[in-house]
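Structure incoming, see below.
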Amino acid sequence: MSSLLSALNPEQLEAVTLPHQSALVLAGAGSGKTRVLTTRIAHLIQSGQVSPHGILAVTFTNKAAKEMLTRVSSMLPINTRGMWVGTFHGLCNRMLRAHHQDAGLQQAFQILDSADQVAVIKRILKNLSADDAKFPPRQVQWFINSAKEEGLRAYQVEAYDDFTRNMAEFYLFYEQQCNKEGVVDFAELLLRSYELLTRNEHLREHYRGRFNHILVDEFQDTNRLQYRWLKLLAGDHAAVFAVGDDDQSIYAFRGANTGNMKDFERDFDISKIIKLEQNYRSHGNILDAANTLIRNNSGRLGKNLWTSEGHGEPIRVVNAPTDFDEAAFIVDEVKSLHAEGVALSQIALLYRSNAQSRVLEHALFNASLAYRVYGGMRFFERQEIKHALAYLRLIANPHDDNALLRIINFPVRGIGMRSVELLQDDAKRHGGSLWTSMLQKCSTRTTFIPDSGDGIPARFEGSGAAGKPTRKGVEGFAELIESMRRICKTLPLPGIVEHMLEHSGLAAHYHAEREGAERLENLNELITAATSFVHEIEDDSLVAFLTHASLEAGEHQAGSGQDALQLMTVHSAKGLEFHSVFLSGLEDGLFPHDNSRNEAGGMEEERRLMYVALTRARRRLYLSFAQSRMLHGQTRYNIPSRFLREIPDNLLKWLQPVQKAATRNQEWGVRKQGPSREPGYGMQPRASNIQDSAASPWRVGQNVVHAKFGAGVIVNCEGHGADARVEVKFRAGVKWLSLEYAKLTSA
DNA sequence: ACAGGGACGTTAAGT
DNA sequence: ACGTCCCTGT
């Protein structure tokens, strides 16, 4: 047991070994948060305070949930099956599947992702002939989801104006449509589960009795409904162990409510917040910068990161004339870092908004540097995969109108818009699903019209009636789905997928398409996904697989496995760390973003975002800005970010202003000591005097040999220990080299 | 059925 | 600048 606890610092130890009581752990960036969470779970079990059965641990991402399970299992040789570890949505789904009847759901209910949800809303708006200029589908979606996150059903929405009344009406129709089809959206998983526990005392008491310990990761990201769900589930007896960092709350825009932390203190009688402030990630200068910056925010719970390691290198600041030059600088610097031995995958290029990646990618591409951009299309979101899933959904539940509409004429089988509209009208009249209408039409026809044997009813030949010839297509489609449903009852999951791909015509379609090779490959990958799903998961049903596809959209972009630079927004960098970080586009308007100016608390959220960005770097941090930048087809002239001014000068080292690319002919170097002011920039850059070469065997003037650059002479030294660096003049130019990585020999 | 043109929007993103 | 979405014309 003590082996579990031996490596913890006092605060971590206190958190891990806390008795059965609710607690709030304020866990700074890089302070060992996950370690504390997982060690506590292991400790609780090992010391016999709770069985795995009594533990519920909730996170926001599947990745975090998986990580937690892996780490717990590595600490304890126990079966983690009894534990409820997962995302809010995953756990709610688990609960709703187990009690689908009590929750008013069919067993095979399917989950809509955001795109599916918009599709449903569009259909409803069209159906109601709503003015789509006045009511954009995405706004309706936002309204519905916000209402659900406040725990409100359509009839509970308070509407004092026409606009809201309309919105509430759309919500109502949407609700009815989802119920009819047997589908739920993400917010619905939470709300249903919450309502189930509220209404069903028996179930509530069951789960309250079961979960003695509830652990919450990234607590600052919880929304109101999630908080209420936790509170409801905890009741009076469970100990809720909430871990979070108010300074890293960057998701207010999607409903995260930092107020939950203060509510939690009050509602759960938290007498003392445990603060994890020792940072195991970054060097001192980086932490000082982050600490100083974030102190400008008000209403913090308060926290100051520290490290037992040294100050490390100064933070480098770069002023570039254009975004193009900024990118060129970054590429050069990345190259030399790489040459010094830093793996590309340990270098991150961060930016505030996705549009900024373009110019960086362009420069990287020209320099033939391997890179990987986060945030692209995910596996289960690809068009061909969505089509395939739509077929699978119909197999599981043919009343899923959304799925039906997606593939009723894909691949094309001669079902035009006209036929689809007729079906929709019919379904609307009868209040049933499209599938029901379809079957009725087909059966009506076969009853009244004898089939001539070739599949084409004699009576229709040459009839020329506008809508009628398409019926054959509809009928063929109905038969296709029915036969797939029949046959798939007898097949194992991968077999179902394979059969569907073959008989739907999807495989043939992409096979014939000129650019379809990759799509076809993805479809085959879907069979693989089904196969591994069957091997890994205890439930190998089609419904379980579809649920998996909805709740886990898959990898962001298949990491080719090769060593590559990491490009991503600051938001997606949260939780990650890198040896070196380049934070680009530090300009007012970009970061902080213009749109945040008018939002309540917007600037403070931007500052927290900046705080997240800074604390990603372990050893080296570059901050850069451009005086002009091409954005949305226009050149913008920005001033450096106010956040740059909030970092103490003595932590910064201003690199020589980058020259215009066209006239650039010298290497990047350190600005000479002395007063300097960027004209028109209102900042006082100061050359760093962090320098310590006393203990170093290297001195200025020494001749050295580098494995790659050849012979050179040291012209400058800085840093100490693992962070000592020297500036060497080679034939090819002047380079800064990290002594930790560069293979330098004395000559 | 499908290509092509025009309007539009363009902060961040998990489930 | 660029991608997407929807409509229109062939």
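Numbers restart at 1 for each chain; the letters A, B, ... are given by sequence-line order, proteins then strands. All values below come from the heavy atoms of this structure, side chains included, with hydrogens, waters and symmetry mates left out.
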If you look at every heavy atom in A:R629 and A:G585, which pair is closest and at what distance? NH2-CA, 3.3 Å
Give the residues of residues 583-599 of chain A touching DNA chain B, defined as any heavy atom closer than 4.0 Å, sorted by residue number. A:H593, A:N595, A:E599
Quick check for you: among C:dC2, B:dT15, B:dT11, whose closest atom lies nearest to any side-chain atom of A:L551? B:dT15
Would you tabulate the pairs of protein nitrogen or oxygen atoms and nucleotide nitrogen or oxygen atoms of nucleotides 1-7 of chain B closer than 3.5 angstrom?
none

Would you name the heavy atoms of A:F186 and A:S114 that are closest together and state the gap between them? CE1-N, 4.1 Å
Let me know the distance between NE2 of A:H362 and P of C:dC2, rounded to the nearest Å. 10 Å
Rounded to the nearest angstrom, tell me the gap between atom CZ in A:F380 and atom P in B:dG14. 16 Å
Of A:S353 and A:E552, whose closest DNA chain B nucleotide lies nearer the 5' terminus? A:S353
Quick one: A:H632 NE2 to C:dG3 P, roughly how many Å, whole number? 14 Å
Could you tell me whether the side chain of A:S114 has a donor or acceptor atom within less than 3.5 Å of a complementary atom in the base of B:dT15? yes
Who passes side-chain hydrogen bond (donor to acceptor under 3.5 Å, both in side chains) against A:Q220, sequence neighbours left out? A:E218
Contacts under 3.5 Å, N or O only, protein and nucleotides 5-9 of chain C:
residue, atom, partner, partner atom, Å
C:dC6, OP1, A:K122, NZ, 2.9

Could you state the CG-C1' distance from A:L631 to B:dG9, rounded to the nearest angstrom? 13 Å
State which of B:dT11, B:dT15, B:dA13 makes the closest approach to the side chain of A:E606. B:dT11
Would you call the rings of A:H362 and A:F324 parallel, tilted or perpendicular, taking 30° and 60° as the class edges? tilted
Report yes if the ring of A:F253 lies under 5.5 Å from the six-membered base ring of B:dA12 with planes under 30°, and no otherwise. yes
Selection from B:dA12, B:dT15, B:dT10 that lies nearest to any side-chain heavy atom of A:H89: B:dT15
Can A:F109 and A:H100 be said to form a ring-ring contact (aromatic ring centres under 6.0 Å, His included), step by step? CA-CA 9 Å; A:F109 73 84; A:H100 65 270; 8.0 Å; no
To the nearest Å, how far apart are A:Y194 OH and B:dT15 P? 24 Å
Find the distance A:Q634:CD to C:dA1:C1' and express it as a whole number of Å. 10 Å
Nearest-nucleotide pick for A:T61, side chain only, options being C:dC2, B:dA12, B:dT15: B:dT15
Are more than 12 heavy atoms, taken from residues, nucleotides or ligands other than A:Q107, located less than 6.0 Å from that residue's CD atom? no
For a quick check of understanding: with a heavy-atom distance under 4.0 Å over all strands, which category does A:N93 fall into, base, sugar-phosphate or nothing? nothing
Given B:dT15, B:dT11, B:dA13, identify the nucleotide with an atom nearest to the side chain of A:R378. B:dT15
Residues passing the salt bridge (charged side-chain N to carboxylate O under 4.0 Å, His left out) test with A:E150, sequence neighbours excluded, are A:R224
For the residue pair A:F170 and A:F135, does the interplanar ring angle fall in the parallel (under 30°), tilted (30 to 60°) or perpendicular (over 60°) class? perpendicular
When the distance from OH of A:Y374 to C1' of B:dG14 is rounded to whole Å, what number comes out? 16 Å
What is the separation between atom CG on A:N354 and atom P on C:dA1, rounded to the nearest whole Å? 20 Å
side-chain hydrogen bond (donor to acceptor under 3.5 Å, both in side chains) with A:N257: which residues, sequence neighbours excluded? A:N260
